[in-house]
Number of protein chains: 2
Amino acid sequence: MTDHSGKKPHHHGDLRAALIQSGIDILTESGLEALTLRRCAARAGVSHAAPAHHFDGLSGLRAAIAKEGFDRFRTQMLRSRASGSQSPEGRILSLCRGYLDFAVENPALFALIFSCGPMSQFEEDMKAGTATAYGVLRETCAPFVPEGADPLVVETQVWSLIHGFSHLFLAGTFGPDSGPPDHHRLFAPVMALLREIGTPPAPK
Amino acid sequence: MTDHSGKKPHHHGDLRAALIQSGIDILTESGLEALTLRRCAARAGVSHAAPAHHFDGLSGLRAAIAKEGFDRFRTQMLRSRASGSQSPEGRILSLCRGYLDFAVENPALFALIFSCGPMSQFEEDMKAGTATAYGVLRETCAPFVPEGADPLVVETQVWSLIHGFSHLFLAGTFGPDSGPPDHHRLFAPVMALLREIGTPPAPK
DNA sequence: TTCTCCAACTTTACAGTGTAAACTTTACAT
DNA sequence: ATGTAAAGTTTACACTGTAAAGTTGGAGAA
């Protein structure tokens, strides 16, 4: 209704994209609680009511930012996966590094993406974003799925492990200030999982 | 400065405790975004500025609620752990069940406890709460720590797995509506981890 | 008892927020 | 040029957190 593809708007060059970028900037600079419709609008140089013509209120703006964030998240994981060893183990470990690094570098955006409360608005857009990011994880996990087994089990395990580690690390639960990301502490459990899963005693 | 122990206040029976309980009720009934100073105060039957005498603003109230929530979280895990098989495997599996069940039954409180953004205020209280809840996990993991190994590694793995699964499950990432908690999907990876960790090829 | 004090609580005020409605401007099709 | 609808502005309102000043009521001292 309000927008679909790359139609150039009339007055502003490309509000909506500008609003999303403003929102991401605010998240990066000032955290999750600072993400405000009015501040977003002000940063983009428009009146505080302008976003209403592009998003369905604040939740709509948050959903749009989350979708964009999810795309960048996926991109960073792909880049990280391509940067290291291309063995199955190397690929999945590099993917995990990309996952954790994104969370550490963009904590507020990461939190927004996975904020469980107002997930209601997301729906279509979010499911698409989840699907593609999930697809990256899935194809990286594929070599470790025992023949005849449900790939969902392996994917769930790996994703839970990466995500839980990243979230707890960000929340400071592992200590008041655990220093740099410490990838090894994440890689060791992932490898432990893969060793157990990748060598099934009796697949059938 | 504002309070310390069980000193009975003058007018109200025991505001502070009442405010915390009101907050938890609001979280349970209406979600994280509905937790408001004024609503909390109204529900406790006091003016909207009354909480200022017991907590340091909204963040202080949230911290106090998170601490109380963490205590209940720990209690539920202990109860769950005591309810099943007392073998090392049974204890850790029951603990995981308690973890996931608490998250599913109290999603907003669970999110508040682990909200990473405004972790600044927590400090003392939160660290104590984390320590005790972490202690429960630690002693449950102890039997699986290979001799001479760092217990932190095992604890981190198990906690990341439980937490990531619970968080992603709550966020609906595993599907639009994955039905009931499905403990088996959590237990299988935990067991896989324990099998790998508990039988070290060569500890030293 | 009466007085005094002070913590607990209320009232008032203010800046900032999201949202809705009415209004103004501008680009485009006809 | 003209009409129309989208894009953006202005105005208004209910709600939020926070700070300051005002009120109340119980506890200890005279």
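Chain naming here is simple, since letters A, B, ... match the order of the sequence lines and numbering starts at 1 in each. Predicted, not measured: the structure shown is a model, and the values here were computed from it.
Checking side-chain atoms of Glu105(A) against main-chain N and O of Ala103(A) turns up no donor-acceptor pair under 3.5 Å. Looking only at distances, no side-chain donor or acceptor of Arg74(A) sits under 3.5 Å from a matching main-chain atom of Val136(A).
When rounded to the nearest whole Å, the span between NE2 of His53(B) and P of dA20(D) equals 12 Å. One interatomic measurement links the two molecules: CG of Leu32(B) to P of dT16(D), which rounds to 15 Å at whole-angstrom precision. Rounding to whole angstrom units, CG of residue Leu61(B) and P of dT18(D) are separated by 10 Å. What separates CZ of Arg62(B) from C1' of dT16(D) is a distance of 14 Å, to the nearest Å. Separating the CZ atom of Phe55(B) from the C1' atom of dC9(C) is a distance of 14 Å, rounded to the nearest angstrom.
Not counting sequence neighbours, the partners of Phe110(B) by the ring-ring contact (aromatic ring centres under 6.0 Å, His included) test are Phe114(B), His163(B).
The closest side-chain heavy-atom distance from Phe165(B) to Tyr99(B) is not below 4.5 Å.
Each salt bridge (Lys or Arg N to Asp or Glu O under 4.0 Å) pair with one or both residues in residues 79-94 of chain A, not counting sequence neighbours, appears once here: Arg81(A)-Glu139(A).
Among Leu170(B), Thr28(B), Leu27(B), Leu112(B), the single residue meeting the side-chain contact (heavy atoms from CB on, under 4.5 Å) criterion with Pro107(B) is Leu170(B).
Contact annotation: His54(A) side-chain N/O to dG8(D) OP1/OP2 distance is under 4.0 Å.
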Report all interatomic pairs (protein N or O, nucleotide N or O of nucleotides 18-20 of chain C) with separations under 3.5 Å.
residue	atom	partner	partner atom	Å
dG18(C)	OP1	Leu37(A)	N	2.9
dG18(C)	OP2	Leu37(A)	N	3.3
dG18(C)	OP2	Arg38(A)	N	3.2
dG18(C)	N7	Arg38(A)	NH1	2.4
dG18(C)	O6	Arg38(A)	NH1	3.1
dT19(C)	OP2	Leu58(A)	N	2.9
dT19(C)	O4	His48(A)	NE2	3.2

